[in-house]
Amino acid sequence: MQVAKRLSKAKEDAIAMRKYLWPDVGDDQLWLLSDKRKKGFSSMPRTMPILMNMIGDASKRVGSKSIPAGRAYLVLWCRVFGEGLVKIDNEMIAASEAGYVGERSISTWREHLRVLKELGFIDYRPGPAGPVQFILLLNPYTIAKQLRAKGWVSENQYTGLFQRAMEIGAGPDLAD
């Protein structure tokens, strides 16, 4: 009940501030989650930017260099419908969404998915459309704790994740 009140208060405060700062901008000019006519929203961790950086840094542990697999991770979160399963029927399109273009786009996509799997953020299975058609998104906070325990992420980075998680009410997910 308190969380709902806090979210409601935060929403009211944001609306009041938005109307104060931008009085000429109407709701029809915004992409509001509460507007049921708008489609195409995705639900993802608010800590995604930190997680993406963490992935890049930790990727050095499963390869010889830092791999920006966080972009592939973001694509997956933008494609999930909330049940944790992502279905990729066209790897070329998914690779393009992650910014991988050219001759090696699909091989780069697959390499970055391999890194995400080795770090523990995802698992995948083959399907009729390819070797990584079905992708399972695992709880990123659980994985972040595991990476910290292995010493694969810096304490400063983890502290930043923990601080942001506390701000958004997800602190208990990272607490030991």
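- Both Trp22 and Met17 belong to a single network of hydrophobic side chains, linked directly or stepwise wherever heavy atoms of I, L, V, M, F, W or Y lie under 4.5 Å apart.
- A salt bridge links Glu111 with Arg114: at least one charged nitrogen is closer than 4.0 Å to a carboxylate oxygen.
- Taking every heavy atom of both residues into account, Pro45 and Leu51 meet most closely at CB-CD1, 4.2 Å.
- Within a 6.0 Å radius of CD in Glu83, other residues, nucleotides and ligands contribute more than 12 heavy atoms.
- Atom CZ of Arg104 is surrounded by 12 or fewer heavy atoms from other residues, nucleotides or ligands within 6.0 Å.
- The structure places CG of Leu119 at 9.0 Å from CD1 of Ile67, a figure rounded to the nearest 0.5 Å.
- Residues passing the side chain to side chain contact (heavy atoms under 4.5 Å, CB included) test with Arg110 are Glu91, Ile106, Pro131, Val132, sequence neighbours excluded.
- Between the Glu118 side chain and the Val115 main chain, no donor and acceptor come within less than 3.5 Å of each other.
- Hydrophobic clustering, with ILVMFWY side chains joined whenever heavy atoms are under 4.5 angstrom apart, groups Ile50 together with Ile168.
- Cluster annotation: Tyr20 is connected to Leu30 through the hydrophobic network of ILVMFWY side chains, with a link wherever side-chain heavy atoms come within less than 4.5 Å.
- Screening residues 113-161 for ring pair (Phe, Tyr, Trp, His ring centres under 6.0 Å) gives Tyr73-Phe121 as the qualifying pairs, with residues at least two apart or on separate chains.
- The CZ atom of Arg18 sits 5.0 Å away from the CG atom of Asp27 when rounded to the nearest 0.5 Å.
- Minimum heavy-atom separation, Arg79 to Val86: CB-CG1, 3.8 Å.
- Closest of all the heavy-atom pairs between Leu161 and Ala144 is CD2-CB, 3.5 Å.
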When you look at Arg164 and Glu167, which way does the salt bridge (charged side-chain N to carboxylate O under 4.0 Å, His left out) test go after all the steps?
CA-CA 5 Å; Arg164 180 67 178 128; Glu167 292 170 359; 3.2 Å; yes

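- Grouping the Ile, Leu, Val, Met, Phe, Trp and Tyr side chains by contacts below 4.5 angstrom, directly or via other members, places Phe81 apart from Leu85.
- Between Ala95 and Ser105, the shortest heavy-atom contact is CB-O, 3.6 Å.
- Note: Ile135 CD1 to Lys117 NZ = 10.5 Å, rounded to the nearest 0.5 Å.
- Side chain of Ser154 to backbone of Gln157: a donor-acceptor contact under 3.5 angstrom is found.
- Within the 4.5 Å cutoff, the side chain of Met54 has no heavy atoms near those of the Ile143 side chain.
- How far OG1 of Thr159 is from CD of Gln163: 8.5 Å, rounded to the nearest 0.5 Å.
- Here the closest non-hydrogen pair linking Gly84 and Val80 is N-CG2, 3.7 Å.
- The existence of a salt bridge linking Arg71 and Glu97 is excluded, since no basic side-chain nitrogen approaches an acidic carboxylate oxygen closer than 4.0 Å.
- Atoms OG1 and CG, from Thr108 and Leu113 in turn, are 11.0 Å apart once rounded to the nearest 0.5 Å.
- Under the 4.5 Å side-chain heavy-atom criterion for Ile, Leu, Val, Met, Phe, Trp and Tyr, Leu32 and Met44 are members of distinct hydrophobic clusters.
- Atom CE of Met52 is separated from atom CG of Leu74 by 5.0 Å, given to the nearest 0.5 angstrom.
- The shortest distance between side-chain heavy atoms of Ser96 and Met92 does not fall below 4.5 Å.
- Pairing each heavy atom of Ala94 with each of Val75, the nearest pair is O-CG1, 4.1 Å.
- Counting only residues at least two apart or in different chains, ring pair (Phe, Tyr, Trp, His ring centres under 6.0 Å) contacts with residues 87-112 comprise Tyr100-His112.
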